[in-house]
Amino acid sequence: MSTSGLPSPDDDFPAWYVEVVRRAELAEHGPSRGSMIIRPHGYAIWELTQRALDDRFKATGHENLYFPLLIPMGLLSKEADHVEGFEPQVAVVTRGGGEELEEPLAIRPSSESIIWNTYRRWVQSYRDLPLLYNQWANVMRWELRPRLFLRTTEFLWQEGHTAHATSDEAMAEALRMLDVYRQVAEDVLAIPVFPGRKSPGERFPGAVETFTIEGLMRDAKALQCGTSHFLGQNFGRAYDVTFLDADGHQEHAWGTSWGFSTRMVGATIMAHGDAAGLRLPPAVAPIQVVIVPIYRSDDERASVLATADGLRADLATAGIRVRLDDRDQHRPGYKFAEWELKGVPVRVELGPRDVAAGRAVLVSRLGGDREEVALADVATGMVGRLADIQAALFADAIAFRNANSHQITSFDAFATGLDEGGGFWTGAWCGNEECEAEISARTKATIRFLPIEPREPGSACMHCGRPGVDTATWARAY
RNA sequence: CGGGGCGUAGAUCAGUCUGGUAGAUCGCCUGCUUUGGGAGCAGGAGGCCGCCGGUUCGAAUCCGGCCGCCCCGACCA
(Lines give C-alpha, C1' and ligand atoms only; values in the text may rest on other atoms or scores of the structure.)
Protein backbone atom coordinates (compact mmCIF):
# COMPACT_ATOMS: atom_id res chain seq x y z
CA MET A 1 0.00 0.00 0.00
CA SER A 2 1.47 3.27 -1.09
CA THR A 3 1.16 6.38 0.98
CA SER A 4 0.84 8.83 -1.89
CA GLY A 5 -2.32 9.86 -3.71
CA LEU A 6 -3.95 8.37 -6.78
CA PRO A 7 -3.65 9.88 -10.23
CA SER A 8 -6.62 12.16 -10.84
CA PRO A 9 -9.45 10.46 -12.74
CA ASP A 10 -10.12 13.75 -14.54
CA ASP A 11 -6.55 14.18 -15.77
CA ASP A 12 -5.62 10.60 -16.61
CA PHE A 13 -8.48 8.14 -16.38
CA PRO A 14 -6.54 5.09 -17.64
CA ALA A 15 -3.76 5.66 -15.09
CA TRP A 16 -6.34 6.18 -12.37
CA TYR A 17 -8.02 2.90 -13.30
CA VAL A 18 -4.80 0.89 -13.29
CA GLU A 19 -3.77 2.32 -9.93
CA VAL A 20 -7.16 1.76 -8.31
CA VAL A 21 -7.20 -1.87 -9.44
CA ARG A 22 -3.70 -2.38 -8.06
CA ARG A 23 -3.90 -0.45 -4.81
CA ALA A 24 -7.40 -1.54 -3.87
CA GLU A 25 -6.01 -5.07 -4.25
CA LEU A 26 -8.62 -6.11 -6.80
CA ALA A 27 -6.30 -7.78 -9.32
CA GLU A 28 -2.83 -7.87 -10.78
CA HIS A 29 -1.17 -9.18 -13.92
CA GLY A 30 -0.41 -12.89 -14.12
CA PRO A 31 2.94 -14.19 -15.38
CA SER A 32 1.68 -14.91 -18.91
CA ARG A 33 0.67 -12.20 -21.30
CA GLY A 34 -2.80 -10.75 -20.78
CA SER A 35 -3.56 -12.99 -17.81
CA MET A 36 -5.03 -11.77 -14.55
CA ILE A 37 -4.72 -12.76 -10.92
CA ILE A 38 -7.99 -11.82 -9.25
CA ARG A 39 -7.35 -11.02 -5.60
CA PRO A 40 -9.87 -11.66 -2.82
CA HIS A 41 -11.35 -8.15 -2.75
CA GLY A 42 -11.95 -8.29 -6.52
CA TYR A 43 -13.14 -11.87 -6.52
CA ALA A 44 -15.65 -11.17 -3.77
CA ILE A 45 -17.27 -8.49 -5.97
CA TRP A 46 -17.54 -11.08 -8.73
CA GLU A 47 -19.00 -13.68 -6.34
CA LEU A 48 -21.73 -11.29 -5.25
CA THR A 49 -22.48 -10.45 -8.89
CA GLN A 50 -22.58 -14.16 -9.71
CA ARG A 51 -25.06 -14.81 -6.94
CA ALA A 52 -27.35 -12.02 -8.14
CA LEU A 53 -27.28 -13.41 -11.67
CA ASP A 54 -27.61 -17.04 -10.67
CA ASP A 55 -30.63 -16.38 -8.44
CA ARG A 56 -32.36 -14.71 -11.38
CA PHE A 57 -31.42 -17.51 -13.79
CA LYS A 58 -32.97 -20.04 -11.43
CA ALA A 59 -36.04 -17.86 -10.98
CA THR A 60 -36.54 -17.82 -14.77
CA GLY A 61 -36.37 -21.60 -14.99
CA HIS A 62 -32.73 -22.26 -15.88
CA GLU A 63 -30.41 -24.98 -14.60
CA ASN A 64 -26.63 -25.01 -14.40
CA LEU A 65 -24.45 -27.62 -16.04
CA TYR A 66 -20.84 -27.86 -17.19
CA PHE A 67 -19.09 -28.66 -20.46
CA PRO A 68 -15.37 -29.32 -21.13
CA LEU A 69 -12.78 -26.61 -21.60
CA LEU A 70 -11.26 -28.27 -24.69
CA ILE A 71 -13.15 -28.42 -27.96
CA PRO A 72 -11.96 -30.56 -30.89
CA MET A 73 -11.16 -28.16 -33.75
CA GLY A 74 -13.46 -30.05 -36.10
CA LEU A 75 -16.42 -29.31 -33.85
CA LEU A 76 -15.67 -25.62 -33.56
CA SER A 77 -15.49 -25.33 -37.35
CA LYS A 78 -19.00 -26.52 -38.17
CA GLU A 79 -20.75 -23.16 -37.99
CA ALA A 80 -18.97 -21.13 -40.68
CA ASP A 81 -19.57 -17.60 -39.36
CA HIS A 82 -18.83 -18.70 -35.83
CA VAL A 83 -15.42 -20.18 -36.58
CA GLU A 84 -14.52 -17.32 -38.91
CA GLY A 85 -15.41 -14.77 -36.25
CA PHE A 86 -13.41 -16.43 -33.53
CA GLU A 87 -10.51 -17.79 -35.57
CA PRO A 88 -8.08 -14.97 -34.75
CA GLN A 89 -8.78 -15.26 -31.03
CA VAL A 90 -8.68 -19.00 -30.44
CA ALA A 91 -5.83 -20.64 -28.52
CA VAL A 92 -5.17 -24.22 -29.56
CA VAL A 93 -3.61 -27.14 -27.72
CA THR A 94 -1.49 -29.20 -30.12
CA ARG A 95 0.46 -31.39 -27.69
CA GLY A 96 -0.60 -33.72 -24.91
CA GLY A 97 0.92 -36.70 -23.19
CA GLY A 98 4.26 -35.74 -24.67
CA GLU A 99 3.08 -36.13 -28.27
CA GLU A 100 1.54 -34.13 -31.06
CA LEU A 101 -2.23 -34.56 -31.00
CA GLU A 102 -4.04 -36.19 -33.92
CA GLU A 103 -6.61 -33.41 -33.79
CA PRO A 104 -5.80 -30.06 -32.20
CA LEU A 105 -8.05 -28.96 -29.32
CA ALA A 106 -9.36 -25.42 -29.09
CA ILE A 107 -9.54 -23.83 -25.67
CA ARG A 108 -13.15 -22.63 -25.65
CA PRO A 109 -13.63 -18.99 -26.65
CA SER A 110 -17.36 -19.67 -26.09
CA SER A 111 -19.20 -22.98 -25.90
CA GLU A 112 -21.92 -22.90 -28.55
CA SER A 113 -20.18 -25.53 -30.65
CA ILE A 114 -19.58 -28.19 -28.02
CA ILE A 115 -22.98 -27.60 -26.44
CA TRP A 116 -25.01 -27.71 -29.67
CA ASN A 117 -23.07 -30.78 -30.71
CA THR A 118 -24.38 -32.40 -27.54
CA TYR A 119 -27.91 -30.99 -27.83
CA ARG A 120 -28.21 -33.09 -30.99
CA ARG A 121 -28.42 -36.19 -28.79
CA TRP A 122 -30.61 -34.58 -26.14
CA VAL A 123 -33.33 -33.37 -28.47
CA GLN A 124 -35.63 -35.62 -30.48
CA SER A 125 -39.13 -34.33 -29.81
CA TYR A 126 -40.72 -30.94 -29.23
CA ARG A 127 -41.47 -32.43 -25.81
CA ASP A 128 -37.71 -32.30 -25.05
CA LEU A 129 -37.75 -28.53 -25.52
CA PRO A 130 -36.95 -26.02 -24.35
CA LEU A 131 -33.49 -26.69 -22.95
CA LEU A 132 -32.78 -23.86 -20.53
CA TYR A 133 -29.16 -24.29 -19.42
CA ASN A 134 -26.37 -22.10 -18.14
CA GLN A 135 -22.75 -22.71 -17.29
CA TRP A 136 -20.28 -20.79 -15.12
CA ALA A 137 -16.91 -21.09 -16.76
CA ASN A 138 -13.64 -19.58 -17.83
CA VAL A 139 -13.06 -18.90 -21.50
CA MET A 140 -10.01 -17.81 -23.47
CA ARG A 141 -9.74 -15.27 -26.26
CA TRP A 142 -6.30 -14.30 -27.46
CA GLU A 143 -6.85 -10.57 -27.11
CA LEU A 144 -4.29 -8.31 -28.70
CA ARG A 145 -4.85 -5.54 -26.24
CA PRO A 146 -5.46 -6.76 -22.68
CA ARG A 147 -6.65 -4.58 -19.82
CA LEU A 148 -7.36 -5.90 -16.33
CA PHE A 149 -10.99 -7.00 -15.97
CA LEU A 150 -12.09 -5.30 -19.20
CA ARG A 151 -10.21 -7.54 -21.60
CA THR A 152 -7.98 -10.38 -20.48
CA THR A 153 -7.01 -13.48 -22.44
CA GLU A 154 -8.78 -15.66 -19.90
CA PHE A 155 -11.91 -14.41 -18.20
CA LEU A 156 -14.70 -15.72 -16.03
CA TRP A 157 -18.30 -15.53 -17.10
CA GLN A 158 -21.55 -17.35 -17.40
CA GLU A 159 -22.88 -18.47 -20.74
CA GLY A 160 -26.50 -19.45 -21.15
CA HIS A 161 -27.39 -21.78 -24.03
CA THR A 162 -31.01 -22.50 -24.73
CA ALA A 163 -32.82 -24.46 -27.43
CA HIS A 164 -36.46 -23.91 -28.41
CA ALA A 165 -39.18 -25.31 -30.64
CA THR A 166 -40.16 -21.98 -32.18
CA SER A 167 -38.56 -18.77 -33.34
CA ASP A 168 -40.89 -16.66 -31.22
CA GLU A 169 -40.04 -18.57 -28.08
CA ALA A 170 -36.29 -18.26 -28.69
CA MET A 171 -36.61 -14.54 -29.39
CA ALA A 172 -38.61 -14.07 -26.20
CA GLU A 173 -35.91 -15.93 -24.27
CA ALA A 174 -33.12 -13.76 -25.70
CA LEU A 175 -35.00 -10.60 -24.70
CA ARG A 176 -35.97 -11.98 -21.27
CA MET A 177 -32.32 -12.65 -20.44
CA LEU A 178 -31.31 -9.24 -21.73
CA ASP A 179 -33.71 -7.80 -19.19
CA VAL A 180 -32.22 -9.96 -16.44
CA TYR A 181 -28.85 -8.43 -17.34
CA ARG A 182 -30.38 -4.97 -17.23
CA GLN A 183 -31.75 -5.67 -13.75
CA VAL A 184 -28.40 -6.89 -12.43
CA ALA A 185 -26.49 -3.99 -13.99
CA GLU A 186 -28.93 -1.40 -12.65
CA ASP A 187 -30.29 -2.83 -9.41
CA VAL A 188 -27.15 -4.57 -8.22
CA LEU A 189 -24.17 -2.81 -9.79
CA ALA A 190 -25.99 0.54 -9.94
CA ILE A 191 -24.88 1.06 -13.55
CA PRO A 192 -27.65 2.47 -15.75
CA VAL A 193 -27.71 0.79 -19.15
CA PHE A 194 -29.47 1.21 -22.48
CA PRO A 195 -30.84 -2.07 -23.86
CA GLY A 196 -30.62 -2.35 -27.62
CA ARG A 197 -29.80 -4.34 -30.73
CA LYS A 198 -26.39 -4.50 -32.42
CA SER A 199 -25.91 -3.44 -36.01
CA PRO A 200 -25.12 -6.35 -38.37
CA GLY A 201 -21.43 -5.47 -38.31
CA GLU A 202 -21.27 -5.76 -34.53
CA ARG A 203 -23.15 -9.05 -34.27
CA PHE A 204 -21.89 -12.14 -32.47
CA PRO A 205 -20.43 -14.61 -35.01
CA GLY A 206 -23.21 -17.02 -35.92
CA ALA A 207 -26.07 -15.00 -34.43
CA VAL A 208 -29.14 -13.72 -36.29
CA GLU A 209 -29.56 -10.86 -33.83
CA THR A 210 -27.32 -9.67 -31.00
CA PHE A 211 -28.84 -7.66 -28.17
CA THR A 212 -26.78 -5.60 -25.75
CA ILE A 213 -26.92 -3.46 -22.67
CA GLU A 214 -24.63 -0.46 -22.93
CA GLY A 215 -23.30 1.55 -20.02
CA LEU A 216 -21.34 4.78 -19.81
CA MET A 217 -18.13 4.98 -17.81
CA ARG A 218 -16.90 8.03 -15.86
CA ASP A 219 -14.70 9.14 -18.77
CA ALA A 220 -17.80 9.20 -21.02
CA LYS A 221 -16.72 6.12 -22.98
CA ALA A 222 -19.26 3.36 -23.50
CA LEU A 223 -18.92 -0.24 -22.39
CA GLN A 224 -20.87 -3.27 -23.54
CA CYS A 225 -22.11 -4.71 -20.27
CA GLY A 226 -23.77 -7.93 -21.40
CA THR A 227 -25.03 -9.54 -24.58
CA SER A 228 -27.85 -11.88 -25.49
CA HIS A 229 -28.04 -13.52 -28.89
CA PHE A 230 -30.92 -14.84 -30.95
CA LEU A 231 -29.22 -17.62 -32.93
CA GLY A 232 -32.16 -18.51 -35.17
CA GLN A 233 -31.63 -22.04 -36.49
CA ASN A 234 -27.97 -21.44 -37.36
CA PHE A 235 -26.55 -23.74 -34.71
CA GLY A 236 -29.48 -26.13 -34.96
CA ARG A 237 -28.61 -26.62 -38.63
CA ALA A 238 -24.83 -26.63 -38.23
CA TYR A 239 -24.94 -29.25 -35.48
CA ASP A 240 -28.00 -31.05 -36.83
CA VAL A 241 -30.19 -30.56 -33.77
CA THR A 242 -33.59 -31.70 -35.04
CA PHE A 243 -36.89 -32.64 -33.47
CA LEU A 244 -40.33 -33.82 -34.50
CA ASP A 245 -42.95 -31.17 -33.86
CA ALA A 246 -46.56 -31.86 -32.81
CA ASP A 247 -47.54 -32.26 -36.45
CA GLY A 248 -44.86 -34.86 -37.09
CA HIS A 249 -42.59 -32.50 -39.07
CA GLN A 250 -38.83 -32.66 -38.66
CA GLU A 251 -37.54 -29.19 -37.58
CA HIS A 252 -34.24 -27.62 -36.60
CA ALA A 253 -34.14 -26.24 -33.05
CA TRP A 254 -34.01 -22.49 -32.45
CA GLY A 255 -31.36 -21.14 -30.12
CA THR A 256 -30.16 -18.37 -27.87
CA SER A 257 -26.95 -17.68 -25.99
CA TRP A 258 -26.13 -14.96 -23.50
CA GLY A 259 -23.10 -13.94 -21.48
CA PHE A 260 -22.06 -11.70 -18.61
CA SER A 261 -18.43 -11.56 -17.49
CA THR A 262 -15.84 -10.36 -14.98
CA ARG A 263 -15.59 -7.32 -17.23
CA MET A 264 -18.42 -5.98 -15.08
CA VAL A 265 -16.09 -5.71 -12.10
CA GLY A 266 -14.13 -3.26 -14.23
CA ALA A 267 -17.35 -1.50 -15.21
CA THR A 268 -18.28 -1.06 -11.55
CA ILE A 269 -14.91 0.53 -10.86
CA MET A 270 -15.15 2.86 -13.85
CA ALA A 271 -18.81 3.81 -13.44
CA HIS A 272 -18.63 4.91 -9.81
CA GLY A 273 -15.03 5.61 -8.79
CA ASP A 274 -13.79 9.02 -7.71
CA ALA A 275 -10.54 10.73 -6.76
CA ALA A 276 -10.29 8.76 -3.51
CA GLY A 277 -10.74 5.40 -5.23
CA LEU A 278 -13.59 2.92 -5.46
CA ARG A 279 -17.18 3.64 -4.53
CA LEU A 280 -18.81 0.23 -4.35
CA PRO A 281 -22.55 -0.27 -4.52
CA PRO A 282 -23.55 -1.87 -1.19
CA ALA A 283 -25.12 -4.80 -3.05
CA VAL A 284 -21.71 -5.98 -4.25
CA ALA A 285 -19.43 -4.44 -1.61
CA PRO A 286 -17.50 -7.32 -0.03
CA ILE A 287 -17.37 -5.19 3.11
CA GLN A 288 -20.42 -2.96 3.52
CA VAL A 289 -19.49 -1.44 6.87
CA VAL A 290 -16.04 -1.07 8.41
CA ILE A 291 -15.59 -0.22 12.07
CA VAL A 292 -12.44 1.77 12.83
CA PRO A 293 -11.62 1.85 16.55
CA ILE A 294 -9.71 4.80 17.98
CA TYR A 295 -7.75 4.66 21.24
CA ARG A 296 -4.61 5.79 23.04
CA SER A 297 -3.96 3.80 26.19
CA ASP A 298 -4.31 0.06 26.69
CA ASP A 299 -7.35 0.72 28.87
CA GLU A 300 -9.00 2.72 26.13
CA ARG A 301 -8.07 0.07 23.60
CA ALA A 302 -9.73 -2.64 25.68
CA SER A 303 -12.97 -0.76 26.23
CA VAL A 304 -13.24 0.57 22.67
CA LEU A 305 -12.55 -2.84 21.12
CA ALA A 306 -15.08 -4.50 23.42
CA THR A 307 -17.77 -2.03 22.39
CA ALA A 308 -16.70 -2.25 18.73
CA ASP A 309 -16.94 -6.00 18.74
CA GLY A 310 -20.45 -5.82 20.15
CA LEU A 311 -21.36 -3.43 17.35
CA ARG A 312 -19.79 -5.76 14.81
CA ALA A 313 -21.88 -8.65 16.12
CA ASP A 314 -25.08 -6.56 15.98
CA LEU A 315 -24.39 -5.60 12.36
CA ALA A 316 -23.53 -9.17 11.38
CA THR A 317 -26.76 -10.36 12.96
CA ALA A 318 -28.61 -7.78 10.88
CA GLY A 319 -27.18 -9.53 7.81
CA ILE A 320 -24.57 -6.90 7.02
CA ARG A 321 -21.07 -7.69 5.76
CA VAL A 322 -19.02 -5.95 8.43
CA ARG A 323 -15.31 -5.79 9.25
CA LEU A 324 -13.82 -4.60 12.52
CA ASP A 325 -10.41 -3.18 11.61
CA ASP A 326 -8.54 -3.93 14.82
CA ARG A 327 -5.08 -3.88 13.25
CA ASP A 328 -2.70 -2.30 15.71
CA GLN A 329 0.00 -1.32 13.26
CA HIS A 330 -1.99 1.42 11.53
CA ARG A 331 -3.45 4.64 12.87
CA PRO A 332 -7.02 5.68 12.17
CA GLY A 333 -6.19 8.15 9.41
CA TYR A 334 -4.42 5.44 7.44
CA LYS A 335 -7.39 3.12 7.80
CA PHE A 336 -9.85 5.82 6.70
CA ALA A 337 -7.90 6.35 3.49
CA GLU A 338 -7.45 2.65 2.83
CA TRP A 339 -11.13 1.76 3.22
CA GLU A 340 -12.16 4.71 1.08
CA LEU A 341 -9.79 3.48 -1.60
CA LYS A 342 -11.37 0.05 -1.34
CA GLY A 343 -14.85 1.52 -1.68
CA VAL A 344 -16.48 0.48 1.61
CA PRO A 345 -19.87 2.28 1.66
CA VAL A 346 -20.07 3.11 5.37
CA ARG A 347 -17.37 3.73 7.95
CA VAL A 348 -18.12 3.61 11.66
CA GLU A 349 -15.67 5.49 13.86
CA LEU A 350 -15.63 4.54 17.50
CA GLY A 351 -13.38 6.29 20.05
CA PRO A 352 -13.29 6.74 23.82
CA ARG A 353 -15.54 9.83 23.63
CA ASP A 354 -18.11 7.86 21.65
CA VAL A 355 -18.04 4.89 23.97
CA ALA A 356 -18.56 7.22 26.93
CA ALA A 357 -21.49 8.89 25.19
CA GLY A 358 -22.99 5.61 23.99
CA ARG A 359 -22.76 6.53 20.31
CA ALA A 360 -20.71 6.07 17.16
CA VAL A 361 -19.78 8.34 14.25
CA LEU A 362 -21.01 7.19 10.84
CA VAL A 363 -19.44 8.42 7.62
CA SER A 364 -20.78 7.63 4.14
CA ARG A 365 -18.34 6.95 1.31
CA LEU A 366 -20.52 9.13 -0.90
CA GLY A 367 -20.82 12.41 0.92
CA GLY A 368 -18.20 12.09 3.63
CA ASP A 369 -20.53 13.83 6.09
CA ARG A 370 -20.26 12.71 9.71
CA GLU A 371 -23.27 11.69 11.71
CA GLU A 372 -23.49 10.71 15.37
CA VAL A 373 -25.78 7.76 16.00
CA ALA A 374 -26.70 6.06 19.29
CA LEU A 375 -24.97 2.67 19.52
CA ALA A 376 -28.31 0.90 19.92
CA ASP A 377 -29.53 2.38 16.62
CA VAL A 378 -26.51 1.70 14.41
CA ALA A 379 -27.42 -1.83 13.35
CA THR A 380 -31.15 -1.28 13.06
CA GLY A 381 -30.72 1.70 10.77
CA MET A 382 -27.90 0.27 8.66
CA VAL A 383 -29.97 -1.72 6.15
CA GLY A 384 -31.89 1.41 5.20
CA ARG A 385 -28.73 3.47 5.14
CA LEU A 386 -27.07 1.04 2.71
CA ALA A 387 -30.19 1.02 0.52
CA ASP A 388 -30.02 4.82 0.41
CA ILE A 389 -26.40 4.69 -0.69
CA GLN A 390 -27.21 2.11 -3.36
CA ALA A 391 -29.99 4.37 -4.67
CA ALA A 392 -27.82 7.49 -4.51
CA LEU A 393 -25.02 5.85 -6.50
CA PHE A 394 -27.50 4.78 -9.16
CA ALA A 395 -29.09 8.23 -9.29
CA ASP A 396 -25.65 9.80 -9.60
CA ALA A 397 -24.74 7.46 -12.47
CA ILE A 398 -28.05 8.14 -14.24
CA ALA A 399 -27.54 11.87 -13.96
CA PHE A 400 -24.05 11.51 -15.45
CA ARG A 401 -25.26 9.24 -18.23
CA ASN A 402 -28.16 11.56 -19.11
CA ALA A 403 -25.95 14.62 -19.09
CA ASN A 404 -23.74 12.81 -21.61
CA SER A 405 -26.45 11.50 -23.94
CA HIS A 406 -27.17 13.67 -26.97
CA GLN A 407 -29.33 13.85 -30.07
CA ILE A 408 -27.37 14.31 -33.28
CA THR A 409 -28.31 17.52 -35.07
CA SER A 410 -25.60 17.29 -37.72
CA PHE A 411 -22.62 15.11 -38.47
CA ASP A 412 -20.23 17.94 -37.64
CA ALA A 413 -21.89 18.63 -34.30
CA PHE A 414 -21.67 14.93 -33.54
CA ALA A 415 -17.97 14.66 -34.46
CA THR A 416 -17.07 17.80 -32.54
CA GLY A 417 -19.14 16.81 -29.52
CA LEU A 418 -17.46 13.42 -29.39
CA ASP A 419 -14.02 15.01 -29.40
CA GLU A 420 -14.97 17.43 -26.67
CA GLY A 421 -16.82 15.21 -24.27
CA GLY A 422 -17.51 11.69 -25.49
CA GLY A 423 -20.90 10.31 -24.50
CA PHE A 424 -23.79 8.70 -26.38
CA TRP A 425 -24.99 10.28 -29.64
CA THR A 426 -28.28 9.25 -31.22
CA GLY A 427 -29.39 10.03 -34.75
CA ALA A 428 -30.77 8.86 -38.08
CA TRP A 429 -28.87 6.17 -39.96
CA CYS A 430 -29.31 4.81 -43.47
CA GLY A 431 -28.62 1.22 -42.46
CA ASN A 432 -25.71 0.93 -44.89
CA GLU A 433 -22.64 -0.89 -43.56
CA GLU A 434 -20.20 1.11 -45.65
CA CYS A 435 -21.65 4.33 -44.28
CA GLU A 436 -21.30 2.89 -40.77
CA ALA A 437 -17.66 2.04 -41.43
CA GLU A 438 -16.95 5.53 -42.80
CA ILE A 439 -18.46 7.18 -39.76
CA SER A 440 -16.41 4.92 -37.50
CA ALA A 441 -13.22 5.67 -39.39
CA ARG A 442 -13.83 9.42 -39.14
CA THR A 443 -14.98 9.58 -35.52
CA LYS A 444 -13.50 6.46 -33.83
CA ALA A 445 -17.04 5.86 -32.57
CA THR A 446 -19.08 2.72 -33.22
CA ILE A 447 -22.78 2.05 -33.23
CA ARG A 448 -23.39 0.90 -29.68
CA PHE A 449 -26.97 -0.07 -30.29
CA LEU A 450 -30.13 0.33 -32.34
CA PRO A 451 -33.60 0.19 -30.81
CA ILE A 452 -34.79 -3.35 -30.09
CA GLU A 453 -37.47 -2.77 -32.73
CA PRO A 454 -36.20 -0.74 -35.73
CA ARG A 455 -37.40 2.85 -35.48
CA GLU A 456 -37.61 4.96 -38.62
CA PRO A 457 -36.22 8.36 -37.73
CA GLY A 458 -38.24 10.24 -40.34
CA SER A 459 -35.12 12.12 -41.42
CA ALA A 460 -32.06 11.62 -43.59
CA CYS A 461 -28.93 9.75 -42.50
CA MET A 462 -26.77 12.15 -40.55
CA HIS A 463 -23.72 11.24 -42.61
CA CYS A 464 -24.60 10.26 -46.19
CA GLY A 465 -27.99 11.97 -46.53
CA ARG A 466 -29.79 8.88 -47.80
CA PRO A 467 -33.18 8.15 -46.23
CA GLY A 468 -32.89 7.13 -42.58
CA VAL A 469 -34.14 3.61 -41.89
CA ASP A 470 -33.15 3.26 -38.23
CA THR A 471 -32.06 5.26 -35.20
CA ALA A 472 -28.49 4.54 -34.13
CA THR A 473 -26.73 5.45 -30.91
CA TRP A 474 -22.99 5.99 -31.26
CA ALA A 475 -20.13 6.29 -28.79
CA ARG A 476 -16.45 5.72 -28.41
CA ALA A 477 -16.17 2.52 -26.47
CA TYR A 478 -13.84 0.21 -24.59
C1' C B 1 1.79 -7.53 -36.72
C1' G B 2 3.44 -1.98 -36.78
C1' G B 3 5.34 1.92 -33.32
C1' G B 4 7.46 3.04 -28.36
C1' G B 5 9.44 1.42 -23.61
C1' C B 6 11.25 -1.80 -19.84
C1' G B 7 13.58 -6.34 -17.32
C1' U B 8 18.40 -4.47 -10.76
C1' A B 9 15.46 -6.07 -3.07
C1' G B 10 8.37 -7.61 -1.89
C1' A B 11 6.88 -2.70 -4.89
C1' U B 12 8.49 1.74 -7.68
C1' C B 13 12.93 3.01 -9.69
C1' A B 14 18.40 5.18 -9.85
C1' G B 15 23.08 3.23 -11.30
C1' U B 16 24.59 1.34 -17.68
C1' C B 17 26.71 6.66 -21.68
C1' U B 18 32.46 6.71 -19.18
C1' G B 19 33.70 -1.44 -16.64
C1' G B 20 36.50 -1.41 -10.45
C1' U B 21 33.15 -4.26 -3.25
C1' A B 22 25.01 -3.44 -5.21
C1' G B 23 21.98 1.82 -4.18
C1' A B 24 17.43 5.09 -2.87
C1' U B 25 12.36 5.47 -1.43
C1' C B 26 8.16 2.83 0.17
C1' G B 27 6.96 -1.77 2.25
C1' C B 28 8.66 -5.80 5.79
C1' C B 29 10.88 -7.37 11.06
C1' U B 30 12.31 -5.69 16.39
C1' G B 31 12.05 -1.94 20.25
C1' C B 32 10.34 2.67 22.24
C1' U B 33 7.18 6.81 21.68
C1' U B 34 2.44 7.51 19.08
C1' U B 35 -3.08 6.79 17.55
C1' G B 36 -10.28 11.45 16.00
C1' G B 37 -7.50 12.04 8.26
C1' G B 38 -2.16 8.19 5.21
C1' A B 39 3.02 9.01 12.62
C1' G B 40 8.35 9.64 14.59
C1' C B 41 13.09 7.80 16.14
C1' A B 42 16.65 3.81 16.52
C1' G B 43 18.21 -0.86 14.94
C1' G B 44 17.62 -5.01 11.34
C1' A B 45 16.45 -8.62 7.35
C1' G B 46 16.11 -8.87 2.29
C1' G B 47 19.76 -9.25 -4.60
C1' C B 48 21.93 -15.89 -9.91
C1' C B 49 21.34 -7.03 -11.61
C1' G B 50 15.74 -11.72 -17.12
C1' C B 51 18.64 -16.05 -19.62
C1' C B 52 22.90 -17.91 -22.65
C1' G B 53 27.48 -16.87 -24.77
C1' G B 54 31.67 -13.44 -25.86
C1' U B 55 35.43 -9.39 -24.75
C1' U B 56 38.38 -8.15 -20.30
C1' C B 57 42.89 -8.87 -14.83
C1' G B 58 37.75 -7.52 -13.68
C1' A B 59 30.91 -7.00 -16.54
C1' A B 60 24.45 -4.79 -13.76
C1' U B 61 27.53 -1.65 -17.10
C1' C B 62 30.67 -3.20 -23.49
C1' C B 63 29.41 -6.90 -27.83
C1' G B 64 26.17 -11.00 -29.92
C1' G B 65 21.96 -14.01 -29.37
C1' C B 66 17.52 -15.50 -26.88
C1' C B 67 13.24 -14.95 -23.62
C1' G B 68 9.57 -12.14 -21.23
C1' C B 69 6.48 -8.07 -19.87
C1' C B 70 4.22 -3.10 -20.26
C1' C B 71 2.22 1.15 -23.14
C1' C B 72 -0.03 3.15 -28.06
C1' G B 73 -2.75 1.17 -32.80
C1' A B 74 -5.49 -2.85 -35.75
C1' C B 75 -9.17 -7.63 -33.35
C1' C B 76 -12.83 -8.13 -29.15
C1' A B 77 -17.11 -9.74 -23.54
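Here is how names work: the chains are called A, B, and so on, in the same order as the sequence lines, proteins then strands, and each is numbered from 1.
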Single hit among A/Val289, A/Val378, A/Asp369 for side chain to side chain contact (heavy atoms under 4.5 Å, CB included) with A/Leu362: A/Val378

A/Arg331 side chain near B/G37 phosphate (N/O to OP1/OP2, under 4.0 Å): no

Sugar-phosphate, base or nothing in reach of A/Gly259, heavy atoms under 4.0 Å: nothing

Residues in contact with RNA chain B, drawn from residues 72-88 of chain A - heavy-atom cutoff 4.0 Å: none

Sugar-phosphate only, base, or nothing, as touched by A/Ser32 at under 4.0 Å among non-hydrogen atoms: sugar-phosphate

First encountered from the 5' end of RNA chain B, between A/Cys225 and A/Pro31: A/Pro31

Cationic N near anionic O, under 4.0 Å, A/Asp55 to A/Arg51: no

Sugar-phosphate only, base, or nothing, as touched by A/Asp354 at under 4.0 Å among non-hydrogen atoms: base

Sugar-phosphate only, base, or nothing, as touched by A/Glu143 at under 4.0 Å among non-hydrogen atoms: base

Sugar-phosphate only, base, or nothing, as touched by A/Pro14 at under 4.0 Å among non-hydrogen atoms: nothing

Sugar-phosphate, base or nothing in reach of A/Glu159, heavy atoms under 4.0 Å: nothing

P gap between B/C69 and B/G23, integer Å: 32 Å

A/Val355 or A/Ala477, whichever maps to the more 5' nucleotide of RNA chain B: A/Val355

Spacing between A/Leu144 atom CG and B/C69 atom P, to the nearest angstrom: 14 Å

Touch class at under 4.0 angstrom, heavy-atom based, for A/Leu150 against every strand present: base

Close residues, residues 274-305 of chain A, relative to RNA chain B [heavy-atom separation under 4.0 Å]: A/Ile294, A/Tyr295, A/Arg296

Positions of residues 190-218 of chain A (non-hydrogen atom under 4.0 Å from RNA chain B), listed by number: none

B/C70 OP1/OP2 closer than 4.0 Å to side-chain N/O of A/His29: yes

